[in-house]
Amino acid sequence: MAETNVTMEKIVALAKQRGFVYPGSAIYGGLANSWDFGPLGAQMRMNIKTDWWKRFVESRPDMVGLDGAILMNPRVWEASGHVAGFSDPLVEDVKTHKRYRADHLIEEATGESVDGWSLDQIAGKLKELELKSPEGNALTEPKAFNLMFETAIGKTEESKANVYLRPETAQAIFVNFKHVLDSTRKRIPFGIAQIGKAFRNEITPGNFIFRTLEFEQMEIEYFIEEEGWEAHIEKWADDMEAWAESIGIDGDRLHRLEVPEESLAHYSKRTIDFEFAFPFGTKELWGLAYRTDFDLGNHQEHSGENLRYVDPNDNTRKIVPHVVEPSMGVDRTLLAVLLSAYDEEEVNGDKRVVMRFKPHMAPYQIAVLPLSKKEELQAGARPVFEALAPHWRVDYDETQSIGKRYRRQDEIGTPYCVTVDFDSLEDKAVTIRDRDTMEQVRVPIAELERWFAEKLSI
Ligand code: ATP
């Protein structure tokens, strides 16, 4: 695994320079904490989502997918508890008027989590610790700040209806539970997975793409009988960990945190946070919660619809299924993959930066490089690109010296470079350079597809 000599400065600079992540709206002076994904970042997000979907939906008979709408009837968010309770405790510096998460200030001061604490408990702790703002000024009393973004449907003031941008994808799954059950005939235990954007008006966004106002989630609601929930959550924890390893997240920097009972969200009986050692601290990467029958039960009550599941072995037995929820952020996953892959080494007195991505995560898997811009070399290299591109993600680069192009491909994590040189025109073979070992082998062009099929199959 790569070394841990990575800093956020290095990752942010490389991400911008090579086209993984750009600051949002930059030509207009930017928009704080908004980011745009460049050609390589867009591809990697796609790779993460495709791999997740393949692993957790396509490869499992007990899973199906869903793609719900971002805008939902506001009653959904009343039933889910978000209107009343999806808030963070906010304090304000009385001089600078800067806002802070009161829970984060306490956690930084004490090193202990205050997840799930009431506003009163937080207020009491702030007083007890006599906490000041990071600028050293007094703080206001904590206030609850709802994280949901509101917007309006309709053109005139009178006809406008307020709606929310969804703060999580999960609710579309609960709301469609009965539809999915009726249309697929699935029997519990089974799960519904969804990937999509979520929006939160975070008080203190930051740390690059770690905490943003707009992000993407990959969520699963796994419907089960109450009995045996412990085994299901354990199994999901193992599955999540195995996926982390398979996409190149450094296992040494990842660990499970058993959220203590007093810090559990009101709907959860057990929560495991997967924490990752980011350069700015060890923080939640993903969450896994046993949500009991809280969500379906609430939606049943608020909507008046029958959301019970009929036991196929005993038609008189009707239950509201319980739920285990693995919840993962695409953006935090990307950040953890970037940080895990970053490596530096010295080669002939020069620093070599290498992103040691797993081949199926890398933006490009192969780069085809004619040794120079000479017409005959390009004529030799194009067919190589065309033969490989239908099967793998292939870059084609004919600029700069070959040494510089190798370094560039190392920095964007391309596992293999294929160089077409003057000999290639004679011997119909190319040189393949391995990103990690830098070893080179000569392979006949006619055998390339077979060679890569072996190397790049996962
Ligand atoms: P945090 O405690 O960091 O605010 P959370 O516990 O509120 O996170 P969840 O509601 O469990 O997060 O959301 C599930 C996942 O969505 C998180 O594990 C994370 O990967 C991702 N996520 C949540 N909030 C954000 C955000 N503001 N920006 C980027 N990703 C996020």
Side-chain angles (χ1 to χ4, degrees), residues 7-9 12 23-25 28-35 77 80-151 162 164-165 167-168 198-215 257 259-268 271 273 275-285 287 329 331-332 335:
T7 61
M8 284 311 288
E9 290 72 27
V12 174
S25 316
Y28 287 101
L31 174 69
N33 302 298
S34 74
W35 302 93
W77 306 108
S80 67
H82 284 80
V83 171
F86 190 55
S87 55
D88 280 336
L90 170 150
V91 282
E92 211 175 283
D93 178 311
V94 294
K95 284 214 177 112
T96 64
H97 300 290
K98 275 197 193 155
R99 295 161 148 204
Y100 298 96
R101 291 260 305 255
D103 52 338
H104 286 176
L105 293 180
I106 296 174
E107 282 166 8
E108 273 157 31
T110 64
E112 277 162 36
S113 167
V114 298
D115 269 1
W117 281 28
S118 70
L119 217 49
D120 283 347
Q121 285 173 298
I122 286 181
K125 195 72 182 174
L126 284 173
K127 278 216 181 84
E128 180 195 320
L129 296 169
E130 296 179 0
L131 277 189
K132 297 255 186 308
S133 77
E135 287 89 2
N137 303 317
L139 293 165
T140 59
E141 284 279 308
K143 271 192 267 179
F145 178 79
N146 196 296
L147 300 183
M148 284 198 293
F149 276 106
E150 263 186 83
T151 188
N162 282 352
Y164 301 101
L165 301 185
E168 61 173 33
F199 305 82
R200 293 183 189 178
N201 204 351
E202 300 271 7
I203 297 162
T204 49
N207 289 322
F208 193 37
I209 55 172
F210 175 79
R211 188 182 300 286
T212 47
L213 307 176
E214 167 189 345
F215 54 97
L257 173 83
V259 175
E261 217 175 306
E262 63 276 15
S263 303
L264 289 176
H266 57 285
Y267 52 76
S268 174
T271 297
D273 281 351
E275 292 197 323
F276 184 81
F278 292 97
F280 44 85
T282 295
K283 310 249 179 232
E284 174 177 333
L285 172 66
D331 313 81
R332 285 188 194 177
L335 184 55

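Sequence positions, counted from 1, serve as the residue numbers for this chain. Treat the numbers as computed from the prediction; the structure is a model and nothing was measured.
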Under-4.0 Å salt bridge between [X] and [Y]:
{"X": "R101", "Y": "D88", "value": "yes"}
{"X": "E135", "Y": "K95", "value": "no"}
{"X": "E284", "Y": "R211", "value": "no"}

Would you give the length of the straight line joining atom [atom1] of [X] to atom [atom2] of [Y], rounded to the nearest 0.5 angstrom?
{"X": "K98", "Y": "E92", "atom1": "NZ", "atom2": "CD", "answer": "12.0 Å"}
{"X": "L90", "Y": "L147", "atom1": "CG", "atom2": "CG", "answer": "10.0 Å"}
{"X": "T110", "Y": "K125", "atom1": "OG1", "atom2": "NZ", "answer": "6.5 Å"}
{"X": "L129", "Y": "K127", "atom1": "CG", "atom2": "NZ", "answer": "12.5 Å"}
{"X": "I106", "Y": "L126", "atom1": "CD1", "atom2": "CG", "answer": "4.0 Å"}

So [Y] and [X], do their side chains get closer than 4.5 Å, heavy atoms only?
{"X": "T204", "Y": "H104", "answer": "yes"}
{"X": "L119", "Y": "E141", "answer": "no"}
{"X": "N207", "Y": "F278", "answer": "no"}
{"X": "L213", "Y": "F149", "answer": "yes"}
{"X": "I209", "Y": "F215", "answer": "no"}
{"X": "V91", "Y": "P142", "answer": "yes"}

Mark yes or no for whether [X], through its side chain, and [Y], through its backbone, hold a donor-acceptor pair below 3.5 Å.
{"X": "S263", "Y": "V259", "answer": "no"}
{"X": "E214", "Y": "S34", "answer": "no"}
{"X": "D115", "Y": "P260", "answer": "no"}
{"X": "R200", "Y": "P167", "answer": "yes"}
{"X": "S25", "Y": "L31", "answer": "no"}
{"X": "N146", "Y": "M148", "answer": "yes"}

Show the nearest heavy-atom pair for residues [X] and [Y], with the distance to one decimal.
{"X": "S268", "Y": "T271", "result": "OG-OG1, 2.7 Å"}
{"X": "E275", "Y": "T282", "result": "OE1-CG2, 3.5 Å"}
{"X": "S133", "Y": "D93", "result": "OG-OD2, 2.5 Å"}

**Request:** Could you tell me if the ring centre of F208 sits under 6.0 Å from that of F210?
**Result:** no
**Request:** Please name all residues satisfying side chain to side chain contact (heavy atoms under 4.5 Å, CB included) with Q121, sequence neighbours left out, ordered by chain then number.
**Result:** W117, S118
**Message:** Just to verify, what does S87 make a side chain to side chain contact (heavy atoms under 4.5 Å, CB included) with, not counting sequence neighbours?
**Reply:** A144
**Prompt:** Does the side chain to side chain contact (heavy atoms under 4.5 Å, CB included) test come out yes or no for F145 and R99, once each step is laid out?
**Reply:** CA-CA 11 Å; F145 178 79; R99 295 161 148 204; 3.7 Å; yes
**Item:** Full working for side chain to side chain contact (heavy atoms under 4.5 Å, CB included) between H82 and E168
**Value:** CA-CA 10 Å; H82 284 80; E168 61 173 33; 3.6 Å; yes
**Prompt:** Between L139 and L105, is a side chain to side chain contact (heavy atoms under 4.5 Å, CB included) present by the stated rule, with each step listed?
**Reply:** CA-CA 11 Å; L139 293 165; L105 293 180; 3.8 Å; yes
**Asked** With a cut-off of 6.0 Å (strictly less than), are more than 12 heavy atoms of other residues, nucleotides or ligands near CD of E261?
**Response** no
**Request:** Under the side chain to side chain contact (heavy atoms under 4.5 Å, CB included) rule, what do F276 and L335 come out as? Steps first, then yes or no, please.
**Result:** CA-CA 10 Å; F276 184 81; L335 184 55; over 6 Å; no
